[in-house]
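This report refers to the structure that appears directly beneath it.
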Amino acid sequence: MATRESRSWLPTQRKDWRHMGRTARLVLSVPIYAAVALLSGLAGLTLFVVTQNIPLVRDLVIFGPLPIEDRLTILANLFPFIGTGFDLVTSLLLIAIGTLTGVNIAMLLYHLREHRVSLGGSSGSVGGVIFGTLGAGCAACGSAVVAGVLGLFGAGWLLAVLPLEGLEFALFGLLVLVLSTFWLAEGMRGGEVAGCPIDLN
Amino acid sequence: MTRRREVLVYGAALSALLAGCTDEGDGDSAGTSETDENGEEPAAPEGDESDTDSESDGAEEGDEADGEDAEEESEEEEDEEEEEDNGNTPDDHPAANGIEDQPTLGDPASAPATIVEFSDPGCGICAAFHDGNFQDIESELVEPGDAAVVFRPYPVRDYDASEPGSHALVATHERDEAAFWELKQFYYDNHGSFSSDDIYDRTAEFLNESTGVDGDAVAEEARDEAHQSTLDENLDAGMEAGAGGETPVFYLFREGEFVTEIRGNQNLDVFRTALGL
């Protein structure tokens, strides 16, 4: 495994990005972990869109008198590219965030199971996922929650002065997830994934 | 914070409902169940009392049950009577406080469903909603008489157009409702282009050129914030309903009863399916 001295903390070089991408690709080449990534990414995306309309989901999708097809119609139309709740940029961001969330979880599970690393021993990797989850949650809830909280204190103008009207939270979440993916890849450096070595350099 | 307030409001409402049920349980147990032509409940005839004197003890329990049933029936009839007066107009939710004076498309009293929209004239998401989805709802739900839409200016986003635009919308509505809807669309079609320096002049110019409303008078009233009480009513209603600092927020009602709340630029399918239309 790579020593602390040789480990990068930020993906500042092209080789860092190549390493991150290769590690993720190798993990996802294992079918079970690809399924984990897909399901957890979908779950993350679902959580993101649900938090934008909790009363609607609670009242009519989970509970309420509607038949199953109507519940699914409402839920589906809350998603980016299916409904109109998100513009193009936000939709792309949410898809990216959902995808990275899934990749993060798959990589961490692989690292813990296949490399037999404990949670304590892979604190960097666990920290990466926690940080990534925080970022993803921030992206989903951030602008909505902040708008609500700021409005209660008469400071809604703070959100208005943000150049992207709160989309900054989604971008921050995406950045955190990228870092999390990088830290996970760094934590797996020196081992093997799907029989292929993860280079030390 | 917004979600916590929502839980507190629901808890308070539930407690009030339970307390109300307790109070109603202590009320009179009327024996009659029919209303007369005037919609009033006639007094119980005296003969009913003599009929009960000859009944056995076991029948007394039945009488109590009958009394409770009759009490429930009279309560239901009172509700029905109230509904007949108001039609389907929602009246038992904070979002519906004062909607009778608000700009409305369709007839809330006769339409099966009502959508109450809290919207900020300076909000980009509101503008996106009014650039397609609103028109779909208008053509597919309002025009056939399936739904009514009530628009409540709700300046919580602190954009340049938020408060001035809201004041101008209210001032315009006081004069001409058709002009209100024109001005509303003008603001959303030109979202992001207004500043606090030019919105009054551009509002006046638009109204003078495109409607029969005196735009200069509207602009003056907007500058003077002459209709602050109306906006305060909207702000109070929105905050109490739980809209908080977000827009657009929609409160859906079906036959006067609250169904759910929708946030953001959602499409016709979401509204129509939620309302069961």
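A note on names: the letters A, B, ... follow the listed sequences, proteins ahead of strands, and every chain is numbered from 1.
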Would you please test B/Val270 and A/Leu56 for side chain to side chain contact (heavy atoms under 4.5 Å, CB included) and show each step? CA-CA 10 Å; B/Val270 175; A/Leu56 174 64; 3.9 Å; yes

Run the numbers on A/Leu60 and B/Val259 for side chain to side chain contact (heavy atoms under 4.5 Å, CB included), then give the verdict. CA-CA 8 Å; A/Leu60 297 181; B/Val259 175; 4.2 Å; yes

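Counting heavy atoms of neighbouring residues, nucleotides and ligands inside a 6.0 Å radius, atom CG of B/Asp92 does not exceed 12 of them. In A/Ile32, the CD1 atom is not crowded: 12 or fewer heavy atoms of neighbouring residues, nucleotides or ligands sit closer than 6.0 Å.
Contact annotation: the side chain of A/Asp87 never approaches that of B/Ile125 to less than 4.5 Å [non-hydrogen atoms, C-beta and beyond]. Using a 4.5 Å heavy-atom threshold, the side chains of B/Gln266 and A/Asn53 count as touching.
In this structure, B/Asn267 and A/Gly83 approach most closely via the heavy-atom pair ND2-CA, 3.8 Å. The minimum heavy-atom distance linking B/Arg263 with A/Gln52 is given by the pair CB-O, 3.8 Å. Nearest heavy atom pair, residue A/Pro55 against residue B/Thr260, reads O-OG1, 3.4 Å.
If you measure heavy-atom distances from B/Ala128 to chain A, you find no contacts under 4.5 Å at all. Contacts of B/Asn133 with chain A are made by side-chain atoms alone, with heavy-atom separations under 4.5 Å and no backbone atom involved. Within the 4.5 angstrom heavy-atom criterion, only side-chain atoms of A/Thr73, from C-beta onward, approach chain B.
When each of A/Ile74, A/Asp70, A/Asn77, A/Thr84 is checked for a side-chain contact (heavy atoms from CB on, under 4.5 Å) with B/Asp269, only A/Asn77 meets the rule.
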